[in-house]
Student: 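Structure incoming, see below.
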Amino acid sequence: MNYNWNWHIFFEPNPTGAGTYLDLLVSGLWLTIKTALLAWVIALIFGTIIGILRSLPSKTVSWIGFAYVEFFRNMPLLVQLFLWFFVLPELLPRTAGLWLKQLPNAPFWTAAIGVGLFMSARVAVQLAAGIASLPRGQKQAATALGLTTTQGYRYVLLPMAFRIIMPPLTSEFLNTVKNTSVAITIGLIELTGQARAMQEFSFQVFEAFTAATIMYLAINIIVVTGMRFLERSLAIPGYITGK
Amino acid sequence: MAQELTGTLKNIKDTGAITLGFRDSSIPFSYLDDNQKPIGYAMDICYKIVDAVKKELKLDKLEVKLNPVTSSTRIPLLANGTIDLECGSTTNNTERQKQISYTNTHFLTASRYVTKKASKINSIDELKGKSVVSTAGTTNIKQLTEANAARSLNINIIPAKDHAEAFLMVETDRAVAFVMDDILLASLVAGSKGPGDYVISKDAFSKPEPYGIMLRKDDPAFKKVVDAATAALYTGGEGQKIYDKWFTQKIPPKGLNLNTPISAELKNEFAKPSDSPDPDSYK
């Protein structure tokens with residue numbers, strides 16, 4: 001292959017005038033981390049609510065949960081972000097739409113919320129499965145203790161279910177991190193976006209994407225290690241994750 | 001005694017084929033027509049280069065293979081030998097010349113902005129405090145950033161993924177202006193729903209920058225043939241004819257007319273072809 005490798009490129013100044021190419025990638029890395037964390041918080045909150053709805057006996061309520069999950073799960077993330085960012089403001093009244101369009105950092109908020117809601121459908125399914133996997137006796141015991149349905153979920157079912165689904169949640173968290181890369185399609189210049197910018201400026205495409213790969217790998221190692229630690233400290237002996 | 005062939009020329013002779021890299025939507029330089037066949041100004045020039053290569057190698061038949069490229073894949077595919085020439089709208093600059101070579105400049109473009117006529121913005125200074133979009137990773141966004149700092153305009157700069165998205169930002173009032181190569185703006189405006197609603201600025205953010213057809217670096221024999229072919233094309237007047245065909249007349253598939261007559265700078269360049277990356281050398 002006739003390619004001119006140049007690993008020193010990372011220490012050469014980038015053309016935006018703000019530091020080196022490495023600085024460019026690191027700023028993208030921070031944006032990726034910020035987007036992923038906010039998205040994950042949204043995914044957990046909405047995923048928990050919908051997961052509970054899906055496990056309730058009421059037909060209407062569980063249908064709402066079902067509709068929510070199928071809506072967010074069956075459309076490609078790329079399409080969802082596009083709809084949120086470009087189509088939604090056009091559907092709103094003109095002033096509201098304009099306000100939304102001119103919001104500072106609109107791509108960041110759209111990406112975090114869009115990825116968060118997409119992932120929340122997946123978290124909801126995990127949680128509903130976790131709750132369903134608990135022995136029936138758990139719910140009955142909670143009722144027998146005189147706990148209301150809310151208290152039963154709060155003190156018995158959710159703490160158990162979340163412990164059981166820790167391992168799949170880890171991989172959902174990793175997916176959230178990786179899915180933020182789709183945000184370049186709405187103009188969020190995160191890690192993938194900056195790697196592309198770097199290759200456009202310098203034409204050093206392999207160096208740019210090697211560095212981006214290593215950075216994604218580093219985030220994922222940190223997430224996996226952290227979640228392992230959390231899993232271990234939360235594990236209940238005798239359950240799936242226990243020893 | 002004939003010289004031993006090396007590099008790309010040898011490869012072309014051995015395989016009987018040359019591969020051109022094309023873009024799918026770089027109107028009018030290199031894009032797909034109704035039949036998904038790549039056409040355009042840069043494609044026409046590349047076919048002239050192919051003719052010259054065929055003549056140089058004294059081949060009866062030379063197969064032309066076509067391979068789509070994007071701005072992310074053009075360098076890897078050129079470097080690994082998948083394509084021999086990239087026929088598109090690639091800016092020629094010093095930094096990129098460390099990686100690849102260019103043949104003689106086929107177009108000059110300056111960085112300007114497009115706005116809606118309704119927003120009544122007449123100069124770069126009137127962009128003060130407004131939201132302005134440009135495409136991430138381009139030389140244009142860099143120039144916008146520099147102008148913003150130098151003139152303390154306090155512009156909110158929005159990076160977009162690609163030109164279509166950036167233009168959409170202006171179309172939907174997310175940004176008041178889009179800073180880009182003027183010729184690309186002309187083609188976006190011509191292809192928009194209301195070409196009459198937009199105006200391209202007189203003010204420019206840069207000197208005219210050269211576009212070149214890319215080829216692999218360190219292959220002087222091939223470059224010599226390609227340079228000779230493009231130089232003959234431009235000085236001989238045929239270059240101007242190809243230019244007029246794509247920039248001043250209706251072009252397929254939709255019959256758009258970019259209405260961009262040849263500039264004085266490009267005319268000078270055609271008279272004295274060069275592959276210089278320096279904007280100052282084109283006057």
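These numbers come from a predicted model, not from an experiment. Below, all heavy atoms of this structure are taken into account, side chains as well, without hydrogens, waters or symmetry copies. Chain letters run A, B, ... following the sequence lines, proteins first, then strands; residues in each count from 1.
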Student: Could you tell me if B:Glu95 and A:Ser202 have a donor-acceptor pair between their side chains, going purely by distance under 3.5 Å?
Tutor: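 No, B:Glu95 and A:Ser202 have no side-chain donor paired with an acceptor closer than 3.5 Å.
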
Student: Please tell me whether B:Thr105 and B:Tyr282 have a donor and an acceptor in their side chains that are separated by less than 3.5 angstrom.
Tutor: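 Side-chain D/A pair, B:Thr105 to B:Tyr282: present.
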
Student: Which atoms of B:Asn156 come close to chain A, meaning under 4.5 Å heavy atom to heavy atom: side chain ones, backbone ones, both, or neither?
Tutor: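 For B:Asn156, no heavy atom lies under 4.5 Å from chain A.
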
Student: Need one label for B:Ser131: side chain, backbone, both or neither, based on atoms under 4.5 Å from any heavy atom in chain A.
Tutor: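 Neither part.
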
Student: Heavy-atom distances under 4.5 Å only: say whether A:Phe86 touches chain B with side chain, backbone, both or neither.
Tutor: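 Both backbone and side chain.
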
Student: Would you say that more than 12 heavy atoms from the other residues, nucleotides or ligands in this model lie under 6.0 Å from the NZ of B:Lys116, or not?
Tutor: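 Counting other residues, nucleotides and ligands, NZ of B:Lys116 exceeds 12 neighbours.
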
Student: Evaluate whether atom OH of A:Tyr3 has more than 12 neighbouring non-hydrogen atoms of other residues, nucleotides or ligands under 6.0 angstrom away.
Tutor: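 Counting other residues, nucleotides and ligands, OH of A:Tyr3 exceeds 12 neighbours.
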
Student: Pick from B:Ala166, B:Pro76, B:Ala149, B:Ala160: which one has the most heavy-atom pairs with chain A under 4.5 Å?
Tutor: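 Maximum pair count with chain A is reached by B:Pro76.
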
Student: Sort B:Leu144 into side chain, backbone, both or neither according to what part of it lies under 4.5 angstrom from a heavy atom of chain A.
Tutor: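 When you check distances to chain A, no heavy atom of B:Leu144 falls under 4.5 Å.
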
Student: Given side-chain contact (heavy atoms from CB on, under 4.5 Å), test B:Asn92 with B:Gln97 step by step and report yes or no.
Tutor: CA-CA 7 Å; B:Asn92 176 355; B:Gln97 288 224 5; 2.8 Å; yes

Student: Between A:Gln194 and chain B, with a heavy-atom cut-off of 4.5 Å, which part of the residue counts as in contact: side chain, backbone, both or neither?
Tutor: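 Neither part, no heavy atoms under 4.5 Å.
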
Student: Between B:Asp219 and B:Lys223, is there a side-chain N and carboxylate O pair less than 4.0 Å apart?
Tutor: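 Answer for the salt bridge query: no.
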
Student: Does B:Asp181 pair with B:Arg112 as a salt bridge, N-O distance under 4.0 Å?
Tutor: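 Result for this pair is no, no salt bridge flagged.
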
Student: Should we count CH2 of A:Trp30 as having more than 12 external heavy atoms under 6.0 Å?
Tutor: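 Check fails, neighbour count at 12 or below.
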
Student: Go through the atoms of A:Ile184 and report whether side chain, backbone, both or neither lie under 4.5 Å from a heavy atom of chain B.
Tutor: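 For A:Ile184, the backbone is the part near chain B, not the side chain.
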
Student: Which answer fits A:Ile186, side chain, backbone, both or neither, if we ask what part of it has an atom under 4.5 Å from a heavy atom of chain B?
Tutor: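 Backbone of A:Ile186 only, per the 4.5 Å heavy-atom cut-off to chain B.
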
Student: Is A:Pro89 close to chain B through its backbone or its side chain, or both, or neither, when contacts mean heavy atoms under 4.5 Å?
Tutor: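 Just its side chain gets close to chain B.
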
Student: Kindly state whether the ring of B:Phe29 and the ring of B:Phe107 have centres lying under 6.0 angstrom apart.
Tutor: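 Between B:Phe107 and B:Phe29, which both carry aromatic rings, the centre distance is below 6.0 Å.
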
Student: Using non-hydrogen atoms only, which part of B:Gln143 is less than 4.5 Å away from chain A: side chain, backbone, both, or neither?
Tutor: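 For B:Gln143, there is no contact with chain A at all, as no heavy atom is under 4.5 Å.
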
Student: Which bit of B:Thr90 comes within less than 4.5 Å of chain A, counting heavy atoms only: side chain, backbone, both or neither?
Tutor: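 Contact with chain A involves the side chain of B:Thr90 alone.
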
Student: Sort B:Leu168 into side chain, backbone, both or neither according to what part of it lies under 4.5 angstrom from a heavy atom of chain A.
Tutor: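 Side chain only.
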
Student: What residue in B:Glu165, B:Lys98, B:Arg74 has the most heavy-atom pairs under 4.5 Å with chain A?
Tutor: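 Looking at each option in turn, the highest pair count goes to B:Glu165.
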
